[in-house]
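Worksheet: the structure to be examined is printed underneath.
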Amino acid sequence: MSQFWKPGTERAEGRVVDDEEGGVLFLCGSRYGHASIEKQRQRLPVFKYRTAILYLVETHATTVIVGETGSGKTTQIPQYLNEAGWAAGGRLIACTQPRRLAVQAVASRVAQEMGVQLGEQVGYTIRFEDVTNPDVTVLKFLTDGVLLREMMDDPLLTKYSVIMVDEAHERSISTDILLGLLKKIQRRRPELRLIISSATIEAKSMSNFFCMRKKRQEPENKEHGLQVEPAILSVEGRGFNVQINYAEEPVQDYVQAAVSTVLLIHEREPAGDILVFLTGQDDIDAAVQLLNDEIQNTGKHSSGLIVLPLYSGLPRAEQELVFSPAPRGKRKVVISTNIAETSLTLEGIVYVVDSGFSKQRFYNPISDIENLVVSPISKASARQRAGRAGRVRPGKCYRLYTEEYFLNHMSNEGIPEIQRSNMVSCVIQLKALGIDNILGFDWPASPSAEAMIRALEVLYSLGVLDDDARLTSPTGFQVAEIPLDPMVSKMIIASSQLGCSEEIITIAAVLSVQSIWISGRGIQKESDEAKLRFAAAEGDHITFLNVYKGFHQSGKSSQWCHKNYVNYHAMRKVVEVREQLKRIAKRIGLVLKSGENDMQVVRIAVTAGFFANACHLEAYSHNGMYKTLRGSQEVYIHPSSVLFRVNPKWVIYNSLVSTDRQYIRNVITIDPSWLLEAAPHFYQLQQSNHLLR
DNA sequence: GAGCACTGC
């Protein structure tokens, strides 16, 4: 192994908190810390940890907490705050997480530690689930997205006295919006305490973001006698040391290199499971195949390996396999996407193999296309991946890249999601919160001007924003209330006027889940045939209505789904989303009505939201080439669509995926005259001549 | 005749 692998030099890479910075309280060092920090650090007993946190919260408007897995910050800090009386006077302490499962897990653990019933003093709120009691709940755990929704009714979050934002370093869109808004709220509510929990490497930039003093236009905070500079507090976790090994030479083929590394670990290292990080299904299937071939060919050499793939698209039952412990004398190898980096935690992992890559979404505001691209990960991600090896005992991490690359070429943080995404939903959310100057909003990381302008254009064309970029009434406010892409929301509002909202809400719910079909190798033929049973000549949206109707008539039966190659879990989610959408529709004054069997009116409602995605079949095109009306891009109907090879003259699509060709997915036929009715301002006279030609 | 990193309201 020494021929290939070189141990890391274990320096204090990226460590940003230091006692020389002043105002930094060291509770203890980091396991990555170097010798000088080790010497100076003090190990304080737990009661001082509590005292320190309370002191910081009493004296600092914002406190940035850094710490490692198992440091207890997520569960203990809320309890300390509660004991210190921050929840007195009917005020609440809120703690956000980016994921639903984490919210549930943390809330139930805190309730258990406090010896109270979940949903009483300690509760949680996630989409579709509110386990709180307004009269007695003092500690409330929630997803950051839910807190953002709450701000639409209560922009200053007046019922909370402390807000803790956990996992802020992950920089999800919701977290970034929330951080920007919290900074703004703090000017109006100087008594509000913020606790930002972040990975060490991000602590300094979080602290800088919340530092009021830097902005000259904010001198009034001194009047409140608060220290305006955020404090940074570091806590130690219970994680074990992970020895980092780097490739000696740059790796040409990371799938092959990952496979070789797994075999070497298996041959030379003591018992313990292996977790391999690759980028996606293709890589993973290839690696699984290579490993299994190796096991067959070499017999004894690699026996005792159990190879398991893991990615979110895998059927539920196969995903469950990775959680069961390996039988005695066997070693489990889990080959995974990023899902195992944050969303799932596997026990028993001692060795991590890190390819250094992941798939990331990138949005191009000029072409308005989102792409999935294999990209290098950040140091923060690399460290998170390595940490997965140290949960049960000291572990080892094998990085399939050189140390020189890690130190000198890998970026610290990675590009925040907000700079890689379409801004349409984000802009309408800020507008609804009364942020007028969208382009001047103080973000932790600013989205590109092009993306913001494109979003404003789209919202204007939908009639959601007026000439002064303010929300229109009622459409703009209604669209903002619906937790979906604004084009889908607009379609729902139109359906209320057209008298087919029951059908359109079903379509909106289906479009909001990944796929309602079961797919997989070996069942393509059967599932295609099953799909034909529901296929509608009008296109995919109407096909979805047929599936939902069948599911509903079966009594929402899982057997029915199984028989028809329909994904039962997805359909359950459709039902849940549909119910939520109906509640919201009623609240904002929409009419719930079925169009009965009139599918034309349903297609007109779809056009009202998605007119910008109209395409027409190229004349004399023999291979089904379409061109988009806006932009004249060449696109093709995706083979998964019921309209594939049918090639009607005029269609509208829901989404565009870009691979070797541009494919349009979820496609429906339209009459071009509807475009002019839906958006006369969008399709000007010139285009209308073209349309009628 | 293809292809789906991962969340979330």
Side-chain angles (χ1 to χ4, degrees), chain A residues 96-103 125-130 142-152 167 170-178 277-285 310-315 336-344 355 357-362 370-375 377 381 384 414 417 420-421 425-426 428-429 432 480-486 488-489 508-509 512-515 517-521 524-525 527-528 567 570 573 576-577 580-581 583-584 623-624 636-646 655 657-665:
Chain A
T96 74
Q97 290 282 334
R99 281 172 291 277
R100 294 159 50 87
L101 270 176
V103 169
T125 307
I126 55 181
R127 189 184 188 183
F128 308 130
E129 230 182 307
D130 183 9
L142 66 176
T143 45
D144 37 24
V146 168
L147 192 61
L148 283 177
R149 284 280 154 193
E150 285 190 4
M151 287 178 78
M152 286 174 63
E167 313 285 9
E170 286 186 25
R171 308 300 300 275
S172 72
I173 290 180
S174 294
T175 303
D176 271 12
I177 300 176
L178 187 60
F277 285 104
L278 295 180
T279 63
Q281 189 175 343
D282 281 353
D283 283 357
I284 290 169
D285 289 345
L310 177 64
Y311 42 86
S312 80
L314 212 58
S336 172
T337 60
N338 255 4
I339 194 170
E341 193 179 305
T342 50
S343 304
L344 291 180
S355 65
F357 290 95
S358 71
K359 274 192 188 169
Q360 289 183 29
R361 186 178 51 205
F362 283 91
E370 282 185 337
N371 255 330
L372 267 185
V373 185
V374 174
S375 321
I377 61 169
S381 270
Q384 173 77 14
E417 195 186 4
R420 298 184 278 113
S421 307
S425 297
C426 189
I428 194 165
Q429 219 164 354
E481 284 282 325
I482 302 172
L484 296 171
D485 182 290
V488 181
S489 305
S512 78
V513 304
Q514 294 246 332
S515 170
W517 307 107
I518 291 177
S519 58
R521 286 181 305 280
Q524 281 146 330
K525 196 164 158 279
S527 66
D528 278 2
N567 183 331
K573 177 108 188 282
E576 228 172 8
V577 173
Q580 187 196 27
L581 292 177
R583 277 197 305 275
I584 293 169
N623 59 350
Y636 297 84
I637 293 180
H638 195 275
S640 66
S641 169
V642 298
L643 294 182
F644 178 68
R645 282 203 285 231
V646 176
S655 63
V657 292
S658 183
T659 54
D660 44 331
R661 271 183 177 183
Q662 317 265 38
Y663 285 106
I664 54 178
R665 292 175 72 176

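If you're wondering where the values come from, they're calculated on a predicted model, not measured in any experiment. Quick note on labels: first sequence line is chain A, next is B, and so on, each numbered from 1.
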Partner residues of A/Arg171 under the salt bridge (charged side-chain N to carboxylate O under 4.0 Å, His left out) criterion, sequence neighbours left out: A/Asp176, A/Glu202

With a strict under 4.0 Å distance from non-hydrogen atoms of chain A, what nucleotide opens and what nucleotide closes the contacted stretch of DNA chain B, reading 5' to 3'? B/dG1 to B/dC9

Touch class at under 4.0 angstrom, heavy-atom based, for A/Gln429 against every strand present: nothing

With A/Asp283 via salt bridge (charged side-chain N to carboxylate O under 4.0 Å, His left out) - residues at least two apart: none

DNA chain B: A/Ser640 or A/Thr337, which has the more 5' nearest nucleotide? A/Ser640

Name the one of A/Thr175, A/Ile126, A/Asp144, A/Val103 that satisfies side-chain contact (heavy atoms from CB on, under 4.5 Å) with A/Gln97? A/Val103

Counting any heavy atom closer than 4.0 Å, what does A/Arg127 reach on the DNA or RNA strands: base, sugar-phosphate only, or nothing? base

Specify the residue among A/Arg99 and A/Arg661 whose closest nucleotide of DNA chain B lies further upstream toward the 5′ end. A/Arg661

Identify whether any heavy atom of A/Ser172 sits under 4.0 Å from a base atom; if not, whether one sits that close to sugar-phosphate; answer base, sugar-phosphate or nothing. nothing

Which residues pass the salt bridge (charged side-chain N to carboxylate O under 4.0 Å, His left out) test with A/Glu341, not counting sequence neighbours? A/Arg385

Residues two or more places apart in sequence or in another chain: which of them pass salt bridge (charged side-chain N to carboxylate O under 4.0 Å, His left out) with A/Glu481? A/Arg587

Tell me what A/Asp528 touches on the nucleic acid: a base, only sugar-phosphate, or nothing, going by heavy atoms under 4.0 Å. base

Regarding A/Ser343, tell me which of base, sugar-phosphate or nothing describes its non-hydrogen contacts under 4.0 Å with the strands shown. sugar-phosphate

Contact class for A/Thr659 vs. all strands (heavy atom < 4.0 Å): base, sugar-phosphate, or nothing? sugar-phosphate

Using a heavy-atom cut-off of under 4.0 Å over every strand shown, decide if A/Leu372 touches base, sugar-phosphate, or nothing. base

Name the orientation of the base relative to the sugar in B/dC6: syn if the glycosidic angle is within 90° of 0, else anti. anti

Name the nucleic acid region contacted by A/Ile126, choosing base, sugar-phosphate or nothing; use a 4.0 angstrom heavy-atom cut-off, strictly under. sugar-phosphate

Shortest non-hydrogen contact between A/His638 and A/Phe644, atoms and distance: O-CB, 3.6 Å

Sequence neighbours excluded, which residues qualify as ring pair (Phe, Tyr, Trp, His ring centres under 6.0 Å) partners of A/Phe357? A/Tyr254

Identify whether any heavy atom of A/Ser174 sits under 4.0 Å from a base atom; if not, whether one sits that close to sugar-phosphate; answer base, sugar-phosphate or nothing. nothing

So what does A/Arg100 hit on the nucleic acid, given a heavy-atom distance under 4.0 Å: a base, only sugar-phosphate, or nothing? sugar-phosphate

